[in-house]
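Each remark here refers to the structure printed beneath this line.
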Amino acid sequence: TAGAALARMRLGRVDDVTTSNVGLIEGGSAVNVVPANVILRGEARSFDAVKLQAQLDNMESSVRGACDEYGATCEIQIESAYRGYHISEDAPVTKNAIAAAHAAGFSGTLRDTLGGSDANAFNEKGVPTIVCGTGMEKIHTHDEFVSQKDLVDLTLLAISLAKTAAGAQP
């Protein structure tokens, strides 16, 4: 039933602003016994609330449809881990970050991300916050890594951010 549910779901990069994954599948007591219970744990993220709801609906209907087809039952829990946010390029926090990046010799390129971080919590509490990338490569794969050079560069950026925020010459 779990396999049938997963086969029905739209997973991975669903569209230009939505992604989803089922990363945990738990169940069973032996390799030669059909599990009595299986737990699927997944997530969906989107910049668009309507598309996010459509993806959540797809995931739920995929599970319910597979359960109906195979005579199984299901319990579904949907939780919101964090809210998305958008910080304007004209916001002081963004201008400070770009100035600090330039002062440290970096491009200061801005881009959207579907990531969840402390910035989500700060923004939800009304504290405008952006994320400075760490230079991670092959993110969310078994081969994820950060190079030593990128860690050093991130440290230089952090110092420049502190100096720029304090009004000092970076």
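Just so you know, these numbers use all the heavy atoms, side chains as well, and skip hydrogens, waters and symmetry mates.
The two atoms that bring A97 and L161 nearest to each other are CA-CD2, 3.6 Å, heavy atoms only. S62 and A5 make their closest contact through CB-O, 3.5 Å (heavy atoms, listed as atom of the first residue, atom of the second, distance). In terms of heavy atoms, A101 sits closest to G108 at CB-CA, 3.7 Å.
Between the CD atom of E26 and the CG atom of N37 there is a distance of 11.5 Å, given to the nearest 0.5 Å. Separating the CD1 atom in I39 from the SG atom in C74 is a distance of 13.0 Å, to the nearest 0.5 Å. For the atom pair CG of N123 and OH of Y82, the computed distance is 13.0 Å after rounding to the nearest 0.5 Å. Of the inter-residue distances, the one linking M136 atom CE with T141 atom OG1 reads 9.0 Å to the nearest 0.5 angstrom. Between atom CD1 of residue I130 and atom CZ of residue F122 there is a gap of 13.5 Å, rounded to the nearest 0.5 Å. Rounding to the nearest 0.5 angstrom, the gap separating the OG1 atom in T73 from the CZ atom in R64 is 10.5 Å.
Each of T129, L110, V131, V93 was scored for a side-chain contact (heavy atoms from CB on, under 4.5 Å) with I87, with one residue passing: V93.
Counting heavy atoms from C-beta outward, M59 and S20 have side chains that approach closer than 4.5 Å. Using a 4.5 Å cut-off on side-chain heavy atoms (C-beta onward), R83 and N120 make no contact. At least one side-chain heavy atom of V63 sits under 4.5 Å from a side-chain heavy atom of C67. L52 places a side-chain heavy atom less than 4.5 Å from the side chain of L56. Counting heavy atoms from C-beta on, the side chains of T164 and H102 never come closer than 4.5 Å. Side chains of L6 and I25 form a contact here, defined as non-hydrogen atoms less than 4.5 Å apart. Looking at K163 and I159, their side chains come closer than 4.5 Å, going by heavy atoms from C-beta outward.
Under the 3.5 Å distance criterion, the side-chain polar atoms of S160 are matched with a main-chain donor or acceptor of A100. In this structure, the side chain of S46 engages the main chain of V17 through a donor-acceptor pair within 3.5 Å.
Note: the hydrophobic cluster containing V38 also contains L11 (ILVMFWY, side chain heavy atoms under 4.5 Å, direct or indirect links).
Between the side chains of D57 and Q53, at least one donor N or O lies within less than 3.5 Å of an accepting N or O.
A salt bridge links K149 with D153: at least one charged nitrogen is closer than 4.0 Å to a carboxylate oxygen.
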Problem - Working for side chain to side chain donor-acceptor pair (under 3.5 Å), residues T18 and Q55 - result: CA-CA 8 Å; T18 309; Q55 179 58 26; over 6 Å; no
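A 6.0 Å sphere centred on OH of Y70 holds no more than 12 heavy atoms belonging to other residues, nucleotides or ligands. Summarising the local packing, CD of E144 is surrounded by more than 12 heavy atoms from other residues, nucleotides or ligands at distances under 6.0 Å.
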